[in-house]
Amino acid sequence: MTQKERQERSKREILQAAMEEFGNYGYEKVTVESICSRHGISKGMMYHYYSNKDELFLLCVQKTFQELKIYVDQQAADLADQSTIDTIKNFFMIREYYFQLHPEQKLIFENALIRPPKDLADQIRAMRKPIRETNRKFLSRIVSRMTLRPGLDPEKVTHYLEGMGEHFWSIAAHCGSEEPYYDIHSMLEAAEELLDMTLFGILQQTSAEKTMKD
């Protein structure tokens with residue numbers, strides 16, 4: 001093995017250790033010292049390749065976003081022939097399917113998406129842009145197939161669904177049972193219930209309400 005190959009292996013091992021730490025404990029609880037002590041990495045080697053905790057966290061976020069985007073692109077291609085509601089439901093499920101396969105990345109993703117470190121927020125936002133564009137293009141194609149209520153702007157509907165997708169599971173958790181969703185079957189049931197209310201509404205208008213609206 002050449003010196004360059006040894007260096008690349010050492011960098012990969014450190015990054016994998018950081019992925020496990022951030023994936024298990026979250027950004028706030030991880031330190032360079034905890035990564036080194038739990039994974040048998042010398043501080044000298046750590047600082048030879050990486051400058052600090054933030055650099056490692058950003059690399060973990062970048063790896064998570066990139067691998068998730070590849071998975072989304074692959075899985076979304078199989079949804080084209082489904083009904084509109086099934087397509088949206090399964091598109092929102094793609095992320096959860098991915099984290100079933102890669103549970104160590106779920107907390108990294110949530111830290112970056114929901115609780116990003118203040119000093120890193122701009123960099124994380126830039127890293128996330130490609131997957132957001134993928135989501136928006138896909139949802140835009142779905143909206144173009146929908147029969148929308150008169151007066152609704154398809155672009156605004158796309159943005160609405162995009163926003164729903166970002167917070168879908170935190171909303172579903174409040175709508176469903178008090179027990180957390182540990183299995184795909186329970187998650188699918190929650191997704192169907194929430195999408196039914198989201199796409200078809202919750203309020204049955206009376207004739208008086210319709211008159212007042214008109």
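Note that this is a predicted model, so its numbers are computed, not measured.
- Lys53 forms a cation-pi arrangement with Tyr27, by the criterion of a distance under 6.0 Å to the ring centre and an angle within 45° of the ring axis.
- Checked by atom type and distance alone, the side chain of Asn52 pairs as donor or acceptor with a backbone atom of Glu55 at under 3.5 Å.
- Atoms CE and CG, on Met19 and Asn24 in that order, are 10.5 Å from each other to the nearest 0.5 Å.
- Put simply, Leu195 and Leu148 are part of the same group of oily side chains (I, L, V, M, F, W, Y) that touch within less than 4.5 Å, one to the next.
- With contacts defined as side-chain heavy-atom distances shorter than 4.5 Å, the pair Val143/Asp153 does not qualify.
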Take Arg132 and Glu162, measure what side chain to side chain contact (heavy atoms under 4.5 Å, CB included) needs, and give me the verdict at the end.
CA-CA 8 Å; Arg132 289 195 68 180; Glu162 183 184 11; 3.5 Å; yes
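- Going from atom CG of Leu199 over to atom NZ of Lys89 covers 12.0 Å, rounded to the nearest 0.5 Å.
- Of all heavy-atom pairs between Ser83 and Arg145, the closest is C-NH2, 4.0 Å.
- When the side chains of ILVMFWY residues are joined at heavy-atom separations under 4.5 Å, either directly or via intervening members, Leu107 and Leu59 end up in two distinct hydrophobic clusters.
- Between the side chain of Ser144 and the backbone N or O of Arg141, at least one donor-acceptor pair lies under 3.5 Å.
- Between Leu113 and Arg128, some side-chain heavy-atom pair lies under the 4.5 Å cut-off.
- For Ser140 (side chain) and Arg136 (main-chain N/O), no donor-acceptor pair under 3.5 Å exists by modelled atom type.
- Side-chain atoms of Gln123 never come within 3.5 Å of backbone atoms of Leu120 as a donor-acceptor pair (strictly under, hydrogens ignored).
- Note: Leu139 CG to Leu161 CG = 5.5 Å, rounded to the nearest 0.5 Å.
- Closest approach of Gly26 to Val30, counting heavy atoms only: O-CG2, 3.2 Å.
- Each of Tyr97, Phe99, Tyr98 was checked for a side-chain contact (heavy atoms from CB on, under 4.5 Å) with Arg95, and the lone residue meeting it is Phe99.
- In plain terms, the two heavy atoms of Gln82 and Thr87 that are nearest each other are O-OG1, 3.3 Å.
- In this structure, Cys60 SG and Glu21 CD are separated by 10.0 Å, a value rounded to the nearest 0.5 Å.
- A 4.5 Å side-chain heavy-atom check between Ile88 and Met146 finds at least one atom pair inside the cut-off.
- Residues Ile35 and Met46 come closest through the heavy atom pair CG2-CE, 3.7 Å.
- Contact record, Ala17 with Ile41: CB-CD1, 3.8 Å, taken as the closest heavy-atom pair.
- Pro116 and Ala112 make their closest contact through CB-O, 3.4 Å (heavy atoms, listed as atom of the first residue, atom of the second, distance).
- Residues Tyr47 and Tyr49 are members of one and the same hydrophobic cluster, defined by side-chain heavy-atom contacts under 4.5 angstrom among Ile, Leu, Val, Met, Phe, Trp and Tyr.
- Under a 3.5 Å cut-off, the side chain of Ser37 and the backbone N or O of Glu33 do form a donor-acceptor pair.
- Side-chain atoms of Gln105 and Leu68, non-hydrogen and from C-beta on, never get closer than 4.5 Å to each other.
- Using a 4.5 Å cut-off on side-chain heavy atoms (C-beta onward), His102 and Glu104 make contact.
- In this structure, Arg38 satisfies the cation-pi test against Tyr25, with its NZ or CZ atom closer than 6.0 Å to the six-membered ring centre and inside 45 degrees of the ring normal.
- Atom-to-atom distance recorded for Leu56:CG and Thr31:OG1 is 11.0 Å, nearest 0.5 angstrom.
- Within a 6.0 Å radius of CD in Gln3, other residues, nucleotides and ligands contribute 12 heavy atoms or fewer.
- A salt bridge links Glu96 to Lys106: at least one charged side-chain nitrogen sits closer than 4.0 Å to a carboxylate oxygen.
- Side-chain contact between Glu28 and Asn111 is absent, with no heavy atoms from C-beta onward closer than 4.5 Å.
- The aromatic rings of Phe138 and Phe91 sit parallel to each other, their planes meeting at less than 30°, with 60° as the upper class boundary.
- With contacts defined as side-chain heavy-atom distances shorter than 4.5 Å, the pair Gln66/Met127 does not qualify.
- By the criterion of side-chain heavy atoms lying less than 4.5 angstrom apart, applied directly or through intervening Ile, Leu, Val, Met, Phe, Trp or Tyr residues, Ile131 is not grouped with Ile70; the two fall into different hydrophobic clusters.
- Counting heavy atoms from C-beta outward, Leu79 and Ile94 have side chains that approach closer than 4.5 Å.
- Separating the CZ atom in Phe22 from the CG atom in Leu15 is a distance of 10.0 Å, to the nearest 0.5 Å.
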